[in-house]
Amino acid sequence: MNAFAYRDGHYYAEDVAIQQIADAVGTPFYCYSRAVIEARYDAFADALRGFNALICYAVKANSNQALITLLAARGAGADVVSEGEMRRALAAGIPASKIVYSGVAKTVREIEFALQQDIRQFNVESEQELETISAAAVRLNRTARVAFRINPNVDAGTHEKISTGKSDNKFGIAIDTATAAYDKARKLPGVEVCGVDLHIGSQIMNLQPFAAAFTRIAELTQELKDAGHTISTIDLGGGLGINYDPQNDKAPSAADYARIASETVGHLNCDIIVEPGRSLVGNAGVLVSQVIYTKTNGTSKFLIVDAAMNDFLRPSMYNAYHSIVVGRQTDAEEELYDVVGPVCETADTFARKRQLPRQEAGDLVIIEGTGAYGSAMASTYNTRPLIPEVLVDGDEFRVIRRRPDYDSMIALDIPWDAAD
Ligand code: LLP
């Protein structure tokens, strides 16, 4: 489903005109559709019906409390990578029994917090981390349920900065060292082996790497079971890609993904955890900005908008393509625009040579597919306040994160003479 579409030439989010929100909230802002998030979650849940499956939303994709709360109400668990994300998940009502803790280097403090909450599972990424978890569990008189994150050495075929399952990536333990690691875990106090885990990357548009990785994990699971380990859960990670270019992209569906999971690990009769982030929220959000100026330098025509790389980093960081549309359809002549923000770097470019009807200062320009890794990766570079987030539900909208004021931003810092 797509909740973002034109009605009588005006861009709408569900049943609310985006201009109406812009007038009320001011630009730039993120706008999310409740219906899309729920539909995406339900599609995953339906697709995995044949499994005893837990969908652990990867909170890093968008950690707004309103979104986590929506998903919690639908039955989602959470995949978290820090104490902060764990606290967000708990605050949103996700029970600890549905929280899995991933991440390449969990600190002692974070591990202790997770143990105190009695979370469902630690996805362990090194033998040192295992030892640290074991020692903390013994100290606190708790048991940590652990799965090793296995690095299956599979190329996910995605951008190199978001590929995680190759042997020279920092993630997980090499698949050929897994048996020794599990044997070690069996002997350590305070830890109980419960499963295996993997995550090979993000924005994966082809199911083949998933099939290859899941097959390797299935073989390993069988070997571990044969060696007497209790492997009751297989965590397949996240990574399912989405369509950023509505014309040309063809992302696999949750159903296709579930079919691959069923063919590769189905026979093992394990519980399944999946950790989708982007595929739940990516196409549920847009970034709404306003043109400040237009200008021409050399042969380039610039549309300078009030959103910038600090608000939305993906184009600068990964050269990511995002569809860009205008708030109001007109029959103005088409131009080839470079869409840029006001930040003092050439990297502050959302798109180059995009064909759009001629725009003027004050017109709305919308960057689509920004629900995942948009607000979550924002910064206050150039002392630009984090931008508001708005959730639309039918014909209603609510601000789900306020724009901070300048005084509170500046007050975080302490001039030397005022410091203790
Ligand atoms: N599980 C683990 C252990 C992960 O590291 C990630 C994402 C996920 C699940 C969720 O993956 P997803 O379903 O969203 O693909 N900032 C980058 C994406 C980084 C992904 C990092 N890990 C971007 O904007 O493309």
Side-chain angles (χ1 to χ4, degrees), residues 2 4-6 10-11 13 18-19 22 27-32 61-62 158-162 202-203 205 241-251 278 281-330 332-379 381-382 384 387:
N2 187 3
F4 301 98
Y6 289 98
H10 295 271
Y11 192 83
I18 218 82
Q19 184 70 56
T27 56
F29 63 92
Y30 280 103
C31 177
Y32 309 120
N62 187 318
T158 184
H159 192 283
E160 62 169 26
K161 289 189 182 170
I162 53 174
S202 196
Q203 184 53 14
M205 294 297 272
I242 62 169
N243 295 337
Y244 281 111
D245 178 350
Q247 255 73 54
N248 297 310
D249 287 349
K250 278 205 173 44
R278 187 190 317 264
V281 296
N283 275 327
V286 297
L287 169 54
V288 182
S289 70
Q290 188 175 153
V291 177
I292 312 177
Y293 299 117
T294 59
K295 77 174 181 186
T296 304
N297 275 357
T299 56
S300 296
K301 288 199 164 129
F302 293 99
L303 211 47
I304 311 172
V305 299
D306 60 1
M309 64 187 285
N310 70 296
D311 304 311
F312 184 55
L313 193 56
R314 299 195 74 253
S316 316
M317 180 106 163
Y318 314 111
N319 277 329
Y321 177 95
H322 282 261
S323 117
I324 297 184
V325 297
V326 295
R328 199 165 52 86
Q329 289 174 317
T330 61
E333 213 178 305
E334 301 266 316
E335 304 276 9
L336 273 188
Y337 282 122
D338 284 9
V339 183
V340 301
V343 160
C344 313
E345 297 200 29
T346 301
D348 185 23
T349 297
F350 292 122
R352 307 203 61 195
K353 307 287 173 278
R354 282 299 170 86
Q355 192 162 339
L356 295 170
R358 177 172 301 155
Q359 297 294 291
E360 306 292 345
D363 289 343
L364 296 183
V365 169
I366 295 132
I367 308 177
E368 296 188 308
T370 53
Y373 307 110
S375 63
M377 291 175 74
S379 77
Y381 187 36
N382 282 203
R384 293 168 49 88
I387 64 176

So do Tyr32 and Val281 actually touch side chain to side chain, heavy atoms under 4.5 Å? no

Do the rings of Tyr318 and His159 sit parallel, tilted or perpendicular, given the 30° and 60° boundaries? perpendicular

Has Asn382 got a side-chain atom pairing as donor or acceptor with Val343's backbone, closer than 3.5 angstrom? no

Lys353 and Asp338 ion-paired at < 4.0 Å: yes

Rounded to the nearest 0.5 Å, the CD atom of Gln359 sits from the OG1 atom of Thr330 at a distance of 6.5 Å

Less than 4.5 Å apart, side chain to side chain, heavy atoms only: is that true for Tyr6 and Val326? yes

Cut-off 3.5 Å, no hydrogens considered: what does the side-chain donor-acceptor table look like for residues 285-294, sequence neighbours left out?
residue	atom	partner	partner atom	Å
Ser289	OG	Val365	O	2.9
Gln290	NE2	Thr27	OG1	2.9

More than 12 heavy atoms of other groups within 6.0 Å of Glu334 CD: yes

Any Gln19 side-chain heavy atom under 4.5 Å of His10 side chain: no

Would a 4.5 Å heavy-atom cut-off, applied to side chains only, mark Tyr11 and Val325 as touching? yes

Please report the interatomic distance CG(Asn283) to CD(Glu368), rounded to the nearest 0.5 Å. 8.5 Å

Heavy-atom side-chain contact between Val340 and Ile304 under 4.5 Å: yes

In a check of side-chain contact (heavy atoms from CB on, under 4.5 Å) between Ile324 and each of Val305, Leu303, Ile366, Leu356, which one passes? Leu356

Flag this pair as yes if the NZ/CZ of Arg354 is under 6.0 angstrom from the six-membered ring centre of Tyr321 and inside a 45 degree cone about the axis; otherwise no. yes

Nearest-0.5 Å distance that lies between atom CZ in Phe29 and atom CG in Asp306: 10.0 Å

Looking only at side-chain N and O atoms, does Glu345 offer a donor or acceptor that is under 3.5 Å from a partner on Tyr381? yes

Can you tell me how far the CD atom of Gln203 sits from the OH atom of Tyr373, to the nearest 0.5 Å? 10.0 Å

Set of side chain to side chain donor-acceptor pair (under 3.5 Å) partners for Ser316, sequence neighbours left out: none

At their closest point, which heavy atom of Phe4 faces which heavy atom of Ala284, and how far apart are they? CZ-O, 3.5 Å

If every non-hydrogen atom of Cys31 is compared with every non-hydrogen atom of Ala13, which pair is closest and at what distance? SG-CB, 3.8 Å

Identify the heavy atoms of His322 and Arg314 that sit nearest to each other, and give their distance. NE2-NH1, 2.8 Å

Side-chain contact, heavy-atom cut-off 4.5 Å: Pro342 with Asp348? yes

For the side chain of Lys161 and the backbone of Met317, is there at least one donor-acceptor N/O pair under 3.5 Å apart? yes

What's the spacing between Arg352 CZ and Tyr337 OH if we round to 0.5 Å? 16.0 Å

Note: Pro315 and Phe350 closest approach over all heavy atoms is CB-O, 3.7 Å

Does any non-hydrogen side-chain atom of Asn62 lie less than 4.5 Å from one of Ser375? yes

Show the nearest heavy-atom pair for residues Asp249 and Met205, with the distance to one decimal. CB-CE, 3.8 Å

If you define the side chain from C-beta out and look only at heavy atoms, does anything of Arg278 sit under 4.5 Å from Tyr244? yes

What is the minimum heavy-atom distance between Ala376 and Ala61, and which atoms define it? CB-O, 3.7 Å

Glu360: what forms a side chain to side chain contact (heavy atoms under 4.5 Å, CB included) with it, not counting sequence neighbours? Arg358, Asp363

Under 3.5 Å: donor-acceptor pair, side chain of Tyr30, backbone of Asp311: yes

